Colleague: 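My questions will all concern the structure given below.
Lettering follows sequence order; numbering is per chain, from 1. Computed from a predicted model, the values in this text were never measured in an experiment.
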Amino acid sequence: MRRVLQRPFFDRPTLVVAEELIGKFLVRERDGVVTPYMLTEVEAYDGPKDKASHAFRGRTPRNAVMFGPAGVLYVYFCYGMHHMLNVTTGPEEYPAAVLIRGVQGVVGRGRLTKALGITRELDRLPATKANALWFEDRGVMPSRAIRRTGRIGVAYAGPLWSKRRYRFVWKD
DNA sequence: ACGATGATGAAC
DNA sequence: TTCATCATCGTA
């Protein structure tokens with residue numbers, strides 16, 4: 001079984017998409033080489049009231065893609081040296097996305113994008129076509145023991161938002 | 001614990 | 001046009 005995840009998968013509540021992405025595969029094609037990576041760590045950024053989300057202060061040129069349709073890549077540059085990879089979720093006009101924090105063998109968002117060669121060239125590209133970067137269901141059963149924790153690196157948003165268990169990690 | 005390093009967005 | 005901030009990481 002090998003199925004490219006389509007818009008209906010992403011066009012659901014962000015927390016549902018985030019949890020279900022664990023155990024799915026992020027597939028990267030570079031120079032004709034296709035490499036699958038099983039997703040092990042993600043975070044949800046959910047709606048205009050989420051103080052930790054880029055969308056909290058409304059639509060800007062950078063975050064506009066979060067307000068668009070689901071299943072689109074959102075890649076941005078942070079701390080002057082790291083690229084962050086997200087995929088948009090939920091209906092149009094509702095700003096939400098899932099941050100990809102780790103895959104099997106590569107932990108950490110900055111490291112992940114560096115290892116897979118992900119830059120803003122991929123920003124705003126659809127994640128639903130088998131081209132450059134996409135997601136697949138390869139039939140791996142999601143672990144029943146997915147761990148849920150607060151999100152990392154968002155203390156500035158205050159305890160209410162940083163402690164919400166919007167982070168999903170494969171049980172290992 | 002802290003510096004690197006630059007895009008971003010808000011203020012002026 | 002400035003300026004503080006930042007969904008981080010490596011070194012100490």
Colleague: Can you tell me how far P of C:dC6 sits from CD1 of A:Ile152, to the nearest Å?
Modeller: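 For the pair A:Ile152 CD1 and C:dC6 P, the rounded distance is 16 Å.
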Colleague: I need the residues from residues 52-61 of chain A with at least one non-hydrogen atom less than 4.0 Å from DNA chain B; give them sorted by number, or say none.
Modeller: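 The answer is A:Arg57, A:Thr60, A:Pro61.
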Colleague: Please give the distance between the P atoms of C:dT2 and B:dT5 as a whole number of Å.
Modeller: 22 Å
Colleague: So, for A:Thr113 and A:His83, which heavy atoms are closest and what is the spacing to 0.1 Å?
Modeller: OG1-O, 2.7 Å
Colleague: Using the six-membered ring wherever Trp is involved, compare the ring planes of A:Tyr79 and A:His82 and label them parallel, tilted or perpendicular (cut-offs 30° and 60°).
Modeller: perpendicular
Colleague: Of the listed nucleotides (C:dA7, C:dT8, C:dG10), which one gets closest to any side-chain atom of A:His82?
Modeller: C:dT8
Colleague: Please confirm whether A:Arg151 makes a cation-pi placement over A:Tyr45, using NZ or CZ under 6.0 Å from the six-membered ring centre and within 45° of the ring normal.
Modeller: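 The answer is yes, since A:Arg151 meets both limits relative to A:Tyr45.
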Colleague: Without decimals, in angstroms, what is the distance between A:Phe77 CZ and C:dC9 C1'?
Modeller: 13 Å
Colleague: From CG of A:Leu99 over to P of C:dC6, roughly how many Å is that when rounded to an integer?
Modeller: 16 Å
Colleague: Donor-acceptor pair, distance only, cut-off 3.5 Å: does the side chain of A:Thr128 make one with the backbone of A:Arg7?
Modeller: no
Colleague: Check whether any side-chain nitrogen or oxygen of A:Arg109 sits under 4.0 Å from OP1 or OP2 of C:dC9, and answer yes or no.
Modeller: yes
Colleague: Tell me whether the side-chain N/O atoms of A:Arg111 come closer than 4.0 Å to OP1 or OP2 in C:dT8.
Modeller: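 No, outside the criterion.
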Colleague: Where the side chain of A:Thr88 meets the backbone of A:Gly71, is there a donor-acceptor pair that is under 3.5 Å apart?
Modeller: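 Yes; at least one donor-acceptor contact below 3.5 Å.
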Colleague: Any stacking of A:Tyr45 on C:dA7, going by centres under 5.5 angstrom and planes within less than 30 degrees?
Modeller: yes
Colleague: Taking only side-chain nitrogens and oxygens of A:Arg120, does any of them come within less than 4.0 Å of OP1 or OP2 of B:dG6?
Modeller: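 Indeed not, no polar side-chain atom of A:Arg120 lies that close.
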Colleague: Distance check needed: B:dA7 P versus A:Arg62 CZ, whole Å only.
Modeller: 12 Å
Colleague: Which heavy-atom pair separates A:Lys51 from A:Tyr156 by the least distance, and what is that distance?
Modeller: O-CE1, 4.1 Å
Colleague: Tell me which nucleotide, if any, is Watson-Crick or G-U wobble paired with B:dG9 when both distances must be under 3.5 Å.
Modeller: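 Pair assignment: B:dG9 / C:dC3.
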Colleague: Quick one: the side chain of A:Tyr76 and the base of C:dA7, do they pair up donor-acceptor inside 3.5 Å?
Modeller: yes
Colleague: For A:Arg151 and C:dC6, what is the distance between atoms CZ and C1' respectively, to the nearest whole Å?
Modeller: 15 Å
Colleague: What about the rings of A:Phe10 and A:Phe135, do their centers lie closer together than 6.0 Å?
Modeller: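 So the answer is yes for these two rings.
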Colleague: Round to a whole Å and report the spacing from CD of A:Glu43 to C1' of C:dA7.
Modeller: 6 Å
Colleague: Please state how far atom NZ in A:Lys114 lies from atom P in C:dC9, giving the value in whole angstrom units.
Modeller: 11 Å
Colleague: Does A:Tyr156 have a side-chain nitrogen or oxygen under 4.0 Å from the phosphate oxygens OP1 or OP2 of C:dA7?
Modeller: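 So the side-chain polar atoms of A:Tyr156 do come within 4.0 Å of the phosphate oxygens OP1 or OP2 of C:dA7, strictly under.
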Colleague: Just compare C:dC6, B:dA7, B:dT8 and give me whichever is closest to any side-chain atom of A:Tyr79.
Modeller: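 Closest of the options to the side chain of A:Tyr79: C:dC6.
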Colleague: Counting only N and O atoms by type, is there a donor-acceptor contact under 3.5 Å from the side chain of A:Arg28 to the main-chain atoms of A:Ala132?
Modeller: yes
Colleague: Give one of base, sugar-phosphate or nothing for A:Met84, where a contact means two heavy atoms less than 4.0 Å apart.
Modeller: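 Contact class for A:Met84: sugar-phosphate only.
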